[in-house]
Amino acid sequence: MKVDADHIEQEIKRQVEVIQRGAVEIIPKDELISKVRKSVETGQPLRVKLGLDPSAPDIHVGHVVVLEKLRQLQDLGHIVQLVIGDFTGRIGDPTGKSETRKQLTEEQVKTNAKSYEQQVFKVLDRERTEIHFNSTWLAPLHFSDVVRLASTLTVARMLERDDFKKRFTQGIPISIHEFFYPLMQGYDSVALRTDIELGGTDQTFNLLMGRTLQKEYGLEPQIALTMPIIEGLDGVQKMSKSLGNYIGVNESAKEIYGKTMSLPDALMVKYFDLLSGLPTEEILQIEQALRTGELHPRDAKMRLAYLLTARFQGAQAADEAQSEFVRVFQKHTLPDEIPTFSITNVDVSLVALLVSAKLAPSNSEARRLIQGGGVRIDGVQVLDPQFIVTPHADMVVQVGKRKFIRLIFS
RNA sequence: GGAGGGGUACCAAAGUGGCCAACUGGGGCGGACUGUAAAUCCGUUGCGAAAGCUUCGUAGGUUCGAAUCCUACCCCCUCCA
(Lines give C-alpha, C1' and ligand atoms only; values in the text may rest on other atoms or scores of the structure.)
Protein backbone atom coordinates (compact mmCIF):
# COMPACT_ATOMS: atom_id res chain seq x y z
CA MET A 1 0.00 0.00 0.00
CA LYS A 2 2.73 2.39 1.00
CA VAL A 3 4.83 1.33 -1.95
CA ASP A 4 1.96 2.23 -4.24
CA ALA A 5 1.63 5.65 -2.70
CA ASP A 6 5.33 6.30 -3.16
CA HIS A 7 5.05 5.24 -6.72
CA ILE A 8 2.26 7.71 -7.33
CA GLU A 9 4.18 10.54 -5.73
CA GLN A 10 7.14 9.73 -7.90
CA GLU A 11 5.08 9.70 -11.02
CA ILE A 12 3.52 13.05 -10.19
CA LYS A 13 6.90 14.53 -9.60
CA ARG A 14 8.24 13.14 -12.84
CA GLN A 15 5.33 14.48 -14.85
CA VAL A 16 5.46 17.93 -13.33
CA GLU A 17 9.17 18.11 -14.05
CA VAL A 18 8.72 17.17 -17.67
CA ILE A 19 5.90 19.66 -18.10
CA GLN A 20 7.90 22.38 -16.47
CA ARG A 21 11.08 21.98 -18.45
CA GLY A 22 11.63 24.86 -20.84
CA ALA A 23 8.34 26.53 -19.96
CA VAL A 24 8.37 30.22 -19.17
CA GLU A 25 5.38 30.28 -16.86
CA ILE A 26 2.88 27.89 -15.41
CA ILE A 27 -0.09 29.71 -14.02
CA PRO A 28 -0.70 28.60 -11.37
CA LYS A 29 1.74 25.89 -10.60
CA ASP A 30 0.04 24.39 -7.58
CA GLU A 31 -3.11 23.77 -9.60
CA LEU A 32 -1.02 21.99 -12.17
CA ILE A 33 0.27 19.67 -9.50
CA SER A 34 -3.21 18.88 -8.26
CA LYS A 35 -4.47 18.27 -11.79
CA VAL A 36 -1.60 15.94 -12.48
CA ARG A 37 -2.25 14.22 -9.20
CA LYS A 38 -5.86 13.66 -10.06
CA SER A 39 -4.90 12.33 -13.45
CA VAL A 40 -2.31 9.96 -12.10
CA GLU A 41 -4.64 8.71 -9.41
CA THR A 42 -7.64 8.18 -11.64
CA GLY A 43 -5.80 7.28 -14.81
CA GLN A 44 -7.80 9.96 -16.58
CA PRO A 45 -5.63 11.85 -19.08
CA LEU A 46 -5.52 15.64 -19.01
CA ARG A 47 -6.90 17.61 -21.93
CA VAL A 48 -4.29 19.93 -23.34
CA LYS A 49 -5.38 22.57 -25.82
CA LEU A 50 -3.61 24.47 -28.55
CA GLY A 51 -5.38 26.95 -30.80
CA LEU A 52 -4.40 27.31 -34.43
CA ASP A 53 -5.05 30.16 -36.77
CA PRO A 54 -6.80 28.71 -39.82
CA SER A 55 -5.52 31.33 -42.20
CA ALA A 56 -1.85 30.52 -41.94
CA PRO A 57 -1.31 26.82 -42.28
CA ASP A 58 2.45 27.09 -42.55
CA ILE A 59 3.98 25.73 -39.42
CA HIS A 60 7.41 27.05 -38.63
CA VAL A 61 9.87 26.06 -35.99
CA GLY A 62 8.53 28.77 -33.71
CA HIS A 63 5.36 26.71 -33.45
CA VAL A 64 7.40 23.61 -32.97
CA VAL A 65 8.58 24.89 -29.61
CA VAL A 66 5.00 24.57 -28.43
CA LEU A 67 4.26 21.38 -30.35
CA GLU A 68 7.28 19.78 -28.77
CA LYS A 69 5.85 20.45 -25.33
CA LEU A 70 2.52 19.03 -26.41
CA ARG A 71 4.27 15.94 -27.59
CA GLN A 72 5.92 15.54 -24.22
CA LEU A 73 2.52 15.76 -22.61
CA GLN A 74 1.23 13.12 -24.97
CA ASP A 75 4.12 10.90 -24.05
CA LEU A 76 3.01 11.27 -20.45
CA GLY A 77 -0.35 9.88 -21.54
CA HIS A 78 -2.35 13.06 -21.96
CA ILE A 79 -4.59 14.12 -24.79
CA VAL A 80 -4.04 17.06 -27.11
CA GLN A 81 -6.95 19.15 -28.35
CA LEU A 82 -6.05 21.06 -31.46
CA VAL A 83 -8.56 23.79 -32.06
CA ILE A 84 -8.73 25.17 -35.54
CA GLY A 85 -10.13 28.63 -35.26
CA ASP A 86 -12.32 28.42 -38.29
CA PHE A 87 -15.00 30.62 -36.77
CA THR A 88 -12.51 33.30 -36.03
CA GLY A 89 -11.13 32.92 -39.49
CA ARG A 90 -14.49 33.25 -41.09
CA ILE A 91 -15.18 36.55 -39.42
CA GLY A 92 -11.93 37.88 -40.73
CA ASP A 93 -9.89 40.53 -39.05
CA PRO A 94 -10.09 43.90 -40.76
CA THR A 95 -7.57 45.48 -38.47
CA GLY A 96 -4.99 42.73 -38.25
CA LYS A 97 -1.86 44.69 -37.59
CA SER A 98 0.14 43.12 -40.35
CA GLU A 99 -2.37 42.81 -43.10
CA THR A 100 -6.04 42.50 -43.64
CA ARG A 101 -7.00 39.01 -42.79
CA LYS A 102 -9.17 37.61 -45.48
CA GLN A 103 -12.35 35.84 -44.75
CA LEU A 104 -11.99 32.19 -45.40
CA THR A 105 -14.45 29.98 -47.12
CA GLU A 106 -15.38 26.63 -45.68
CA GLU A 107 -13.43 25.05 -48.49
CA GLN A 108 -10.25 26.91 -47.61
CA VAL A 109 -10.60 26.09 -43.96
CA LYS A 110 -10.81 22.42 -44.82
CA THR A 111 -7.76 22.58 -47.03
CA ASN A 112 -5.82 24.45 -44.40
CA ALA A 113 -6.84 21.98 -41.74
CA LYS A 114 -5.51 19.15 -43.87
CA SER A 115 -2.30 20.98 -44.31
CA TYR A 116 -2.03 21.49 -40.57
CA GLU A 117 -2.50 17.82 -39.93
CA GLN A 118 0.20 16.89 -42.37
CA GLN A 119 2.67 19.23 -40.66
CA VAL A 120 1.66 18.93 -37.05
CA PHE A 121 2.04 15.18 -37.03
CA LYS A 122 5.71 15.53 -37.79
CA VAL A 123 5.85 16.27 -34.09
CA LEU A 124 2.61 15.15 -32.47
CA ASP A 125 1.28 11.70 -31.83
CA ARG A 126 -1.75 11.20 -34.03
CA GLU A 127 -3.25 8.65 -31.67
CA ARG A 128 -3.46 11.09 -28.82
CA THR A 129 -4.67 14.11 -30.75
CA GLU A 130 -8.18 15.41 -31.22
CA ILE A 131 -8.94 17.99 -33.85
CA HIS A 132 -11.75 20.46 -33.25
CA PHE A 133 -13.22 23.35 -35.17
CA ASN A 134 -14.41 26.15 -32.98
CA SER A 135 -17.30 27.07 -35.24
CA THR A 136 -18.93 23.94 -33.83
CA TRP A 137 -19.72 25.70 -30.59
CA LEU A 138 -19.24 29.35 -31.48
CA ALA A 139 -21.53 29.55 -34.48
CA PRO A 140 -24.72 28.50 -32.62
CA LEU A 141 -24.28 31.08 -29.86
CA HIS A 142 -27.00 33.67 -29.58
CA PHE A 143 -26.32 37.34 -29.38
CA SER A 144 -27.52 37.22 -25.79
CA ASP A 145 -24.93 34.52 -25.05
CA VAL A 146 -22.28 36.71 -26.56
CA VAL A 147 -23.32 39.68 -24.49
CA ARG A 148 -23.23 37.55 -21.40
CA LEU A 149 -19.75 36.41 -22.34
CA ALA A 150 -18.66 39.98 -22.91
CA SER A 151 -20.17 41.17 -19.65
CA THR A 152 -17.70 39.12 -17.67
CA LEU A 153 -14.88 41.43 -18.70
CA THR A 154 -14.22 45.12 -18.41
CA VAL A 155 -12.48 47.36 -20.86
CA ALA A 156 -9.80 48.11 -18.31
CA ARG A 157 -9.18 44.39 -18.01
CA MET A 158 -8.89 44.08 -21.77
CA LEU A 159 -6.42 46.90 -21.88
CA GLU A 160 -4.17 44.91 -19.61
CA ARG A 161 -3.21 42.95 -22.62
CA ASP A 162 0.12 44.17 -23.84
CA ASP A 163 -0.58 44.85 -27.46
CA PHE A 164 -3.93 46.46 -26.68
CA LYS A 165 -2.31 48.68 -24.13
CA LYS A 166 0.45 49.65 -26.49
CA ARG A 167 -1.88 50.40 -29.32
CA PHE A 168 -4.21 52.30 -27.05
CA THR A 169 -1.54 54.57 -25.65
CA GLN A 170 0.03 55.07 -29.06
CA GLY A 171 -3.26 55.95 -30.60
CA ILE A 172 -3.28 52.99 -32.97
CA PRO A 173 -6.84 51.87 -33.61
CA ILE A 174 -8.35 48.92 -31.81
CA SER A 175 -11.62 47.63 -33.14
CA ILE A 176 -14.24 46.51 -30.68
CA HIS A 177 -14.46 43.10 -32.26
CA GLU A 178 -10.83 42.49 -31.45
CA PHE A 179 -11.89 42.24 -27.87
CA PHE A 180 -13.86 39.20 -28.87
CA TYR A 181 -10.91 37.19 -30.00
CA PRO A 182 -9.65 36.47 -26.51
CA LEU A 183 -13.22 35.79 -25.46
CA MET A 184 -13.71 33.29 -28.24
CA GLN A 185 -10.44 31.59 -27.51
CA GLY A 186 -11.37 31.43 -23.85
CA TYR A 187 -14.76 30.04 -24.68
CA ASP A 188 -13.09 27.25 -26.61
CA SER A 189 -11.67 26.12 -23.31
CA VAL A 190 -15.13 26.21 -21.77
CA ALA A 191 -16.56 24.11 -24.58
CA LEU A 192 -13.77 21.57 -24.45
CA ARG A 193 -13.30 21.44 -20.68
CA THR A 194 -9.63 22.08 -21.21
CA ASP A 195 -7.22 21.31 -18.39
CA ILE A 196 -4.11 22.95 -19.74
CA GLU A 197 -3.73 25.45 -22.55
CA LEU A 198 -0.42 26.06 -24.24
CA GLY A 199 0.88 29.03 -26.11
CA GLY A 200 3.78 31.38 -26.56
CA THR A 201 4.35 34.03 -23.94
CA ASP A 202 2.53 36.47 -26.19
CA GLN A 203 -0.58 34.37 -25.57
CA THR A 204 -0.54 34.71 -21.81
CA PHE A 205 -3.50 37.03 -21.73
CA ASN A 206 -5.60 34.80 -23.94
CA LEU A 207 -4.69 31.74 -21.94
CA LEU A 208 -5.75 33.43 -18.73
CA MET A 209 -9.00 34.38 -20.38
CA GLY A 210 -9.79 30.70 -20.59
CA ARG A 211 -9.42 30.47 -16.83
CA THR A 212 -11.67 33.42 -16.22
CA LEU A 213 -14.42 32.12 -18.44
CA GLN A 214 -14.25 28.58 -17.17
CA LYS A 215 -14.74 29.87 -13.65
CA GLU A 216 -17.61 31.98 -14.88
CA TYR A 217 -19.24 28.85 -16.29
CA GLY A 218 -18.67 26.88 -13.11
CA LEU A 219 -15.84 24.75 -14.45
CA GLU A 220 -12.47 23.96 -13.03
CA PRO A 221 -10.10 26.56 -14.49
CA GLN A 222 -7.37 25.53 -16.88
CA ILE A 223 -3.66 25.92 -16.38
CA ALA A 224 -1.88 28.40 -18.63
CA LEU A 225 1.45 27.09 -19.81
CA THR A 226 3.61 29.46 -21.80
CA MET A 227 6.63 28.64 -23.88
CA PRO A 228 9.36 31.01 -25.01
CA ILE A 229 8.96 32.88 -28.25
CA ILE A 230 11.80 32.11 -30.54
CA GLU A 231 13.51 34.77 -32.61
CA GLY A 232 13.63 34.33 -36.34
CA LEU A 233 16.47 34.38 -38.82
CA ASP A 234 17.23 38.03 -38.23
CA GLY A 235 17.93 37.19 -34.62
CA VAL A 236 15.83 40.02 -33.29
CA GLN A 237 12.18 39.76 -34.13
CA LYS A 238 10.01 36.85 -33.25
CA MET A 239 9.76 34.24 -35.90
CA SER A 240 6.71 34.82 -38.01
CA LYS A 241 5.50 34.21 -41.47
CA SER A 242 4.66 37.81 -42.14
CA LEU A 243 8.17 38.93 -41.31
CA GLY A 244 9.58 36.26 -43.57
CA ASN A 245 12.18 35.29 -40.99
CA TYR A 246 11.03 31.77 -40.45
CA ILE A 247 12.05 28.19 -41.04
CA GLY A 248 9.01 26.20 -42.13
CA VAL A 249 8.70 22.54 -41.30
CA ASN A 250 7.49 21.86 -44.81
CA GLU A 251 10.36 23.54 -46.54
CA SER A 252 12.87 21.55 -48.51
CA ALA A 253 15.79 20.02 -46.69
CA LYS A 254 18.10 22.43 -48.46
CA GLU A 255 16.10 25.41 -47.24
CA ILE A 256 15.87 24.24 -43.67
CA TYR A 257 19.55 23.48 -43.57
CA GLY A 258 20.59 26.73 -45.23
CA LYS A 259 18.31 28.91 -43.19
CA THR A 260 19.51 27.36 -39.99
CA MET A 261 23.09 28.04 -41.01
CA SER A 262 22.26 31.68 -41.51
CA LEU A 263 21.07 32.10 -37.93
CA PRO A 264 23.07 34.48 -35.80
CA ASP A 265 25.42 32.56 -33.52
CA ALA A 266 23.88 34.11 -30.47
CA LEU A 267 20.69 32.20 -31.10
CA MET A 268 22.22 28.77 -31.46
CA VAL A 269 21.97 27.63 -27.89
CA LYS A 270 18.36 28.68 -27.64
CA TYR A 271 17.56 26.68 -30.74
CA PHE A 272 19.39 23.69 -29.39
CA ASP A 273 17.42 24.01 -26.18
CA LEU A 274 14.02 24.32 -27.66
CA LEU A 275 14.19 22.41 -30.91
CA SER A 276 17.03 19.94 -31.17
CA GLY A 277 15.43 17.24 -29.07
CA LEU A 278 18.86 16.49 -27.62
CA PRO A 279 19.12 15.63 -23.94
CA THR A 280 19.83 18.55 -21.65
CA GLU A 281 23.27 17.31 -20.62
CA GLU A 282 24.42 17.15 -24.19
CA ILE A 283 23.24 20.67 -24.87
CA LEU A 284 25.10 21.89 -21.84
CA GLN A 285 28.22 20.21 -23.18
CA ILE A 286 27.86 21.93 -26.52
CA GLU A 287 27.36 25.24 -24.81
CA GLN A 288 30.46 24.69 -22.74
CA ALA A 289 32.57 23.68 -25.72
CA LEU A 290 31.46 26.75 -27.61
CA ARG A 291 32.46 28.95 -24.73
CA THR A 292 35.92 27.50 -24.42
CA GLY A 293 36.46 27.65 -28.16
CA GLU A 294 36.86 23.91 -28.30
CA LEU A 295 33.97 23.70 -30.73
CA HIS A 296 33.88 25.91 -33.80
CA PRO A 297 30.56 27.77 -33.87
CA ARG A 298 30.17 26.77 -37.48
CA ASP A 299 30.38 23.10 -36.62
CA ALA A 300 27.88 23.47 -33.81
CA LYS A 301 25.54 25.19 -36.17
CA MET A 302 25.98 22.49 -38.76
CA ARG A 303 24.99 19.97 -36.15
CA LEU A 304 21.91 22.00 -35.33
CA ALA A 305 21.03 22.41 -38.98
CA TYR A 306 21.40 18.69 -39.50
CA LEU A 307 19.21 17.82 -36.54
CA LEU A 308 16.44 20.17 -37.62
CA THR A 309 16.54 19.04 -41.21
CA ALA A 310 16.51 15.39 -40.24
CA ARG A 311 13.63 15.97 -37.92
CA PHE A 312 11.35 17.47 -40.54
CA GLN A 313 12.59 15.93 -43.75
CA GLY A 314 14.30 12.74 -42.67
CA ALA A 315 17.91 11.71 -42.17
CA GLN A 316 18.61 10.96 -45.79
CA ALA A 317 17.47 14.37 -46.96
CA ALA A 318 19.50 15.93 -44.17
CA ASP A 319 22.63 14.11 -45.33
CA GLU A 320 22.12 15.41 -48.82
CA ALA A 321 21.40 18.92 -47.67
CA GLN A 322 24.54 18.94 -45.63
CA SER A 323 26.86 17.76 -48.35
CA GLU A 324 25.22 20.16 -50.75
CA PHE A 325 25.83 22.97 -48.33
CA VAL A 326 29.48 22.11 -48.00
CA ARG A 327 29.83 21.85 -51.75
CA VAL A 328 28.12 25.10 -52.67
CA PHE A 329 28.87 27.46 -49.85
CA GLN A 330 32.08 26.22 -48.37
CA LYS A 331 33.81 24.96 -51.48
CA HIS A 332 31.99 27.26 -53.87
CA THR A 333 31.32 24.59 -56.42
CA LEU A 334 28.04 24.20 -58.19
CA PRO A 335 25.09 22.68 -56.44
CA ASP A 336 24.19 19.13 -57.12
CA GLU A 337 20.92 19.89 -58.75
CA ILE A 338 20.32 23.07 -60.64
CA PRO A 339 16.88 23.86 -61.94
CA THR A 340 16.90 23.90 -65.69
CA PHE A 341 15.46 26.58 -67.85
CA SER A 342 14.71 25.87 -71.45
CA ILE A 343 15.26 28.43 -74.16
CA THR A 344 15.60 28.46 -77.88
CA ASN A 345 19.07 28.53 -79.31
CA VAL A 346 19.24 32.21 -80.21
CA ASP A 347 21.04 35.16 -78.69
CA VAL A 348 19.16 36.98 -75.93
CA SER A 349 19.96 39.92 -73.75
CA LEU A 350 21.08 38.86 -70.32
CA VAL A 351 18.47 41.15 -68.80
CA ALA A 352 15.64 39.44 -70.64
CA LEU A 353 17.01 36.05 -69.74
CA LEU A 354 17.13 36.86 -66.04
CA VAL A 355 13.58 38.10 -66.08
CA SER A 356 12.13 35.24 -68.07
CA ALA A 357 13.91 32.73 -65.85
CA LYS A 358 12.47 34.55 -62.81
CA LEU A 359 15.89 35.30 -61.45
CA ALA A 360 14.86 38.94 -61.38
CA PRO A 361 11.39 40.46 -61.02
CA SER A 362 11.79 43.23 -63.58
CA ASN A 363 14.16 44.44 -66.25
CA SER A 364 15.24 47.33 -64.12
CA GLU A 365 16.01 45.04 -61.23
CA ALA A 366 17.89 42.69 -63.52
CA ARG A 367 20.03 45.53 -64.76
CA ARG A 368 20.78 46.63 -61.25
CA LEU A 369 21.82 43.14 -60.29
CA ILE A 370 24.20 42.98 -63.20
CA GLN A 371 25.69 46.36 -62.48
CA GLY A 372 25.99 45.46 -58.83
CA GLY A 373 28.11 42.47 -59.71
CA GLY A 374 25.59 39.88 -58.67
CA VAL A 375 25.33 37.96 -61.91
CA ARG A 376 27.63 35.23 -63.18
CA ILE A 377 27.60 33.12 -66.30
CA ASP A 378 29.51 29.88 -66.00
CA GLY A 379 31.17 31.33 -62.94
CA VAL A 380 32.31 34.51 -64.66
CA GLN A 381 30.96 37.80 -63.40
CA VAL A 382 29.19 39.86 -66.03
CA LEU A 383 29.03 43.58 -65.39
CA ASP A 384 27.65 44.87 -68.68
CA PRO A 385 23.88 45.36 -68.47
CA GLN A 386 23.70 45.29 -72.28
CA PHE A 387 25.36 41.90 -72.40
CA ILE A 388 24.00 39.58 -75.05
CA VAL A 389 24.05 35.92 -74.18
CA THR A 390 24.92 33.40 -76.83
CA PRO A 391 23.54 30.35 -75.10
CA HIS A 392 25.05 26.92 -75.09
CA ALA A 393 23.65 23.82 -73.52
CA ASP A 394 24.38 23.50 -69.81
CA MET A 395 25.28 27.14 -69.49
CA VAL A 396 24.90 28.06 -65.82
CA VAL A 397 23.53 31.44 -64.89
CA GLN A 398 23.84 32.52 -61.29
CA VAL A 399 22.31 35.41 -59.39
CA GLY A 400 23.65 36.19 -55.96
CA LYS A 401 24.94 33.31 -53.91
CA ARG A 402 22.07 30.96 -54.12
CA LYS A 403 20.07 31.30 -57.29
CA PHE A 404 21.18 29.16 -60.20
CA ILE A 405 19.71 27.97 -63.46
CA ARG A 406 21.07 25.66 -66.10
CA LEU A 407 20.08 26.32 -69.67
CA ILE A 408 18.74 23.64 -71.93
CA PHE A 409 17.45 24.01 -75.45
CA SER A 410 13.86 23.35 -76.18
C1' G B 1 -23.10 65.95 -32.44
C1' G B 2 -18.88 69.95 -31.92
C1' A B 3 -13.54 71.44 -32.38
C1' G B 4 -8.76 70.31 -33.97
C1' G B 5 -4.79 67.15 -36.20
C1' G B 6 -3.49 63.67 -39.94
C1' G B 7 -3.32 59.94 -44.51
C1' U B 8 3.68 60.29 -48.74
C1' A B 9 7.11 54.27 -51.51
C1' C B 10 7.92 47.60 -47.76
C1' C B 11 7.92 50.38 -42.73
C1' A B 12 9.04 55.00 -40.20
C1' A B 13 9.48 59.90 -41.64
C1' A B 14 10.91 64.79 -44.54
C1' G B 15 8.89 67.64 -48.32
C1' U B 16 3.70 72.53 -48.42
C1' G B 17 3.59 75.30 -56.53
C1' G B 18 8.81 74.10 -60.56
C1' C B 19 15.71 72.25 -58.37
C1' C B 20 10.75 65.72 -56.48
C1' A B 21 10.73 59.38 -58.92
C1' A B 22 10.40 62.35 -54.01
C1' C B 23 15.78 64.08 -48.04
C1' U B 24 16.82 60.61 -44.21
C1' G B 25 16.63 56.08 -41.15
C1' G B 26 15.14 50.97 -40.90
C1' G B 27 14.22 46.74 -43.79
C1' G B 28 15.18 44.19 -48.55
C1' C B 29 18.51 42.99 -52.50
C1' G B 30 23.65 42.79 -54.56
C1' G B 31 29.05 43.25 -53.63
C1' A B 32 33.68 43.02 -50.23
C1' C B 33 35.28 40.49 -45.72
C1' U B 34 33.81 35.66 -43.40
C1' G B 35 31.80 30.39 -41.30
C1' U B 36 25.61 31.74 -46.54
C1' A B 37 26.93 34.04 -38.55
C1' A B 38 27.48 38.71 -36.25
C1' A B 39 29.93 43.40 -36.85
C1' U B 40 31.83 46.59 -40.61
C1' C B 41 32.30 48.88 -45.45
C1' C B 42 30.38 49.84 -50.59
C1' G B 43 26.37 49.89 -54.15
C1' U B 44 21.23 49.60 -54.98
C1' U B 45 15.90 49.85 -53.73
C1' G B 46 8.61 52.47 -59.15
C1' C B 47 8.50 50.83 -64.65
C1' G B 48 11.24 51.50 -69.10
C1' A B 49 17.41 50.22 -73.35
C1' A B 50 16.29 55.27 -73.69
C1' A B 51 13.22 59.30 -74.66
C1' G B 52 9.87 59.01 -71.34
C1' C B 53 5.74 56.91 -68.49
C1' U B 54 2.79 55.93 -64.01
C1' U B 55 3.30 57.20 -58.42
C1' C B 56 2.34 60.90 -52.52
C1' G B 57 -5.85 58.31 -49.25
C1' U B 58 -9.97 58.54 -53.66
C1' A B 59 -12.36 61.45 -57.52
C1' G B 60 -12.54 65.92 -59.84
C1' G B 61 -10.68 71.13 -60.53
C1' U B 62 -7.13 75.62 -60.74
C1' U B 63 -2.23 76.33 -63.15
C1' C B 64 2.48 76.61 -68.49
C1' G B 65 3.57 73.33 -64.19
C1' A B 66 0.79 70.08 -58.15
C1' A B 67 2.79 65.37 -53.24
C1' U B 68 2.26 70.67 -52.47
C1' C B 69 -3.50 75.25 -53.98
C1' C B 70 -9.24 74.48 -54.41
C1' U B 71 -13.87 71.17 -54.10
C1' A B 72 -16.22 66.69 -52.80
C1' C B 73 -15.72 61.98 -50.79
C1' C B 74 -13.33 57.89 -47.84
C1' C B 75 -10.31 56.55 -43.66
C1' C B 76 -7.48 57.38 -38.97
C1' C B 77 -6.25 60.06 -34.39
C1' U B 78 -7.02 63.63 -30.19
C1' C B 79 -10.11 66.64 -27.09
C1' C B 80 -15.16 68.00 -25.76
C1' A B 81 -20.40 66.14 -25.55
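Just so it is clear, the model here is predicted, and its values are computed rather than measured.
Of the two residues contacting RNA chain B, namely A/Met261 and A/Ser362, the nearest-nucleotide position lying further toward the 5' end is that of A/Met261. Both A/Val351 and A/Pro297 lie near RNA chain B, and the one whose nearest nucleotide falls closer to the 5' end is A/Pro297.
Dashed line: the shortest gap from a side-chain N or O of A/Asn363 to OP1 or OP2 of B/C47 is not under 4.0 Å. A sub-4.0 Å separation between OP1 or OP2 of B/C47 and a side-chain N or O of A/Arg368 is present. Under 4.0 angstrom from either OP1 or OP2 of B/G43 there lies no side-chain N or O belonging to A/Gln371.
Rounded to an integer number of Å, the gap from A/Leu233 CG to B/G35 P is 21 Å. Atom NZ in A/Lys401 sits about 12 Å away from atom P in B/U34, given to the nearest Å. Summarising the geometry, the separation between NZ on A/Lys301 and C1' on B/U36 is reported as 9 Å, rounded to the nearest angstrom. Rounded to whole angstrom, the span from the CG atom of A/Asp299 across to the C1' atom of B/A37 amounts to 13 Å. Summarising the geometry, the separation between CD on A/Glu365 and C1' on B/G43 is reported as 12 Å, rounded to the nearest angstrom.
Closest contact between the side chain of A/Pro264 and the listed nucleotides B/G48, B/G31, B/A38 involves B/A38. You'll find that the side chain of A/Arg376 is closest to B/A32, out of B/A49, B/C47, B/A32. Nearest nucleotide to the side chain of A/His296, out of B/G35, B/C47, B/U36: B/G35. Counting only heavy atoms from C-beta on, A/Arg367 has its side chain closest to B/A49 among B/U36, B/U44, B/A49. In the set B/G35, B/G30, B/G31, the nucleotide with an atom closest to the side chain of A/Arg298 is B/G35.
Among the heavy atoms of the strands, none lies under 4.0 Å from A/Lys259. Within 4.0 Å of A/Ser262, counting heavy atoms only, lie sugar-phosphate atoms of the nucleic acid but no base atom. Across all strands, A/Gly373 comes closer than 4.0 Å only to sugar-phosphate atoms, never to a base (heavy-atom distances). As judged by a 4.0 angstrom heavy-atom cut-off over every strand, A/Gln386 is placed among residues making no nucleic acid contact.
Enclosure of atom NE2 in A/His142 is not indicated, since only 12 or fewer non-hydrogen atoms of other residues, nucleotides or ligands lie within 6.0 angstrom.
Using modelled atom types, one finds no donor on one side chain facing an acceptor on the other under 3.5 Å when comparing A/Glu216 with A/Thr212. With 3.5 Å as the limit, one finds no donor-acceptor pair spanning the side chains of A/Gln285 and A/Glu281. Looking at A/His63 and A/Gln119, their side chains never bring a donor and an acceptor atom within 3.5 Å of each other.
A/Asp265 contributes a side-chain N or O that forms a donor-acceptor pair with the base of B/G35 under 3.5 Å.
Rounded to whole Å, the P atom of B/U16 lies 36 Å from the corresponding atom of B/G30.
Ion pairing between A/Asp299 and A/Arg303 fails under the 4.0 Å rule for side-chain N and carboxylate O. Ionic pairing of A/Arg14 and A/Glu17 is not present here: no N-O contact between side-chain nitrogen and carboxylate oxygen is shorter than 4.0 angstrom.
Applying the salt bridge (charged side-chain N to carboxylate O under 4.0 Å, His left out) test to every pair with at least one member in residues 199-215 of chain A, sequence neighbours left out, gives these pairs: A/Glu31-A/Arg211, A/Asp202-A/Lys238.
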N/O to N/O distances under 3.5 Å, protein versus nucleotides 8-13 of chain B:
none

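A/Glu130 places no side-chain N or O within 3.5 Å of a backbone atom of A/Ile79 that could act as its donor or acceptor partner.
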